[in-house]
Structures are given as structure tokens and as C-alpha cells.
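Structure first, commentary second.
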Amino acid sequence: MKTTISWWNLDKSSQTIESMRDYLREEGVAPWEDVRGMHSKFWISDPANNLWGAVVVWESSDAMSQPLPPNRATELIGYPPSMRTTFDMEMLIENGRAGPWLVGDALEEEHA
């Protein structure tokens with residue numbers, strides 16, 4: 001699995017964390033609900049540092065390269081993310097359980 005974290009510093013934008021929350025409530029979530037190969041997406045904020053962002057967990061690199069919904073956050077904020085990074089996710093625990101997508105591979109490597 002792959003994970004992408006994007007952060008926007010809103011200092012140079014007319015948008016605020018509150019206006020971005022309004023965007024999510026009004027239109028931001030729906031375009032992402034049916035994206036194939038996206039395990040999960042969550043939006044994040046850091047009011048103390050005036051940051052807005054998103055974390056996306058992808059099932060594969062291929063899923064990341066498909067056509068995606070328009071990046072309305074970039075349009076609204078007026079510039080691309082101040083920081084974006086993508087990395088491999090090694091293990092995921094959801095609801096107190098390790099994700100089955102990796103447990104088998106991790107166990108095989110551990111016993112090899």
C-alpha cells in the first residue's frame with residue numbers, strides 16, 4: 001500500500017481552515033467516495049500552524065496513477081500543496097486489528 005500526505009500552508013491564501021471545512025461539508029467528500037483502489041482518505045488540519053491537508057491510503061501505485069477527481073483544494077487555496085510526500089505503508093491497524101492485506105506477507109518474511 002502507498003500513502004500520500006499533502007499539506008497546504010494557508011498563510012498566503014484567502015481560504016481558512018473554517019472555509020475549507022465548509023468546502024468539505026458542501027462538496028468536498030462526494031467526488032472521492034467511489035475512487036477505485038483508494039483504501040481511505042481523511043482530511044486534516046493544524047490550526048496552530050494554519051495548515052490544511054489530506055492523507056490518502058492507496059491499495060497500489062497503479063491506483064494512484066488513475067484519473068482522479070479535480071483537486072478542488074488546490075483551486076480554492078490558489079496554489080499547490082506546500083508539502084506532498086508519498087511513501088510505502090508497512091502495516092495498518094484498523095479497529096484493533098492488523099490489516100489482512102499485509103499480515104500474510106509480514107509473517108512470511110518474519111519466518112524466512
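Annotation: salt bridge (charged side-chain N to carboxylate O under 4.0 Å, His left out) contacts involving residues 46-70, sequence neighbours excluded, are absent. The salt bridge (charged side-chain N to carboxylate O under 4.0 Å, His left out) contacts involving residues 79-88 comprise Lys2-Asp88, where partners must be two or more places apart or lie in separate chains.
Contact of the Trp58 side chain with the Met38 side chain is registered, since non-hydrogen atoms from C-beta on lie closer than 4.5 Å. With contacts defined as side-chain heavy-atom distances shorter than 4.5 Å, the pair Trp7/Ile44 qualifies. Under the 4.5 Å side-chain criterion, counting only non-hydrogen atoms from C-beta, Phe87 is in contact with Ile5.
Here the OH-CD1 distance, from Tyr23 to Ile77, works out to 9.0 Å after rounding to the nearest 0.5 Å.
Cluster membership check: Met64 shares its hydrophobic cluster with Val56, using side-chain heavy-atom separations under 4.5 Å among Ile, Leu, Val, Met, Phe, Trp and Tyr. A single hydrophobic cluster is not seen to contain both Leu10 and Met83; linkage of ILVMFWY side chains at heavy-atom distances under 4.5 Å, directly or through other members, places them apart. The hydrophobic clustering, which links ILVMFWY residues whose side-chain heavy atoms are closer than 4.5 Å, places Trp8 and Leu68 together. Leu51 and Phe42 fall within the same hydrophobic cluster, defined by Ile, Leu, Val, Met, Phe, Trp and Tyr side-chain heavy atoms under 4.5 Å apart, directly or through other members.
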Begin with the C-alpha distance, continue with both residues' side-chain angles, and end with the deciding distance and a verdict on side-chain contact (heavy atoms from CB on, under 4.5 Å) for Thr4 and Thr85.
CA-CA 6 Å; Thr4 300; Thr85 185; over 6 Å; no
Hey, can you pull the donor-acceptor pairs under 3.5 Å for the side chains in residues 26-36, sequence neighbours left out?
unit_1, atom_1, unit_2, atom_2, d
Glu27, OE1, Arg72, NE, 3.2
Glu27, OE2, Arg72, NH2, 3.4
Arg36, NH2, Gln66, OE1, 3.3

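At least one donor-acceptor pair closer than 3.5 Å links the side chain of Asn9 to the backbone N or O of Asp11.
Applying the side-chain contact (heavy atoms from CB on, under 4.5 Å) test to Ala54 and every residue at least two apart in sequence or in another chain returns Lys41, Trp43. Shown here are the side-chain contact (heavy atoms from CB on, under 4.5 Å) partners of Lys12, two or more places apart in sequence or in another chain: Tyr79. Residues passing the side-chain contact (heavy atoms from CB on, under 4.5 Å) test with Pro47 are Ile17, Arg21, Ser45, sequence neighbours excluded.
For the pair Ala63 and Gly37, the tightest heavy-atom approach, listed with the atom from each and the gap, is CB-O, 3.5 Å. In plain terms, the two heavy atoms of Leu76 and Gln15 that are nearest each other are O-CG, 3.2 Å.
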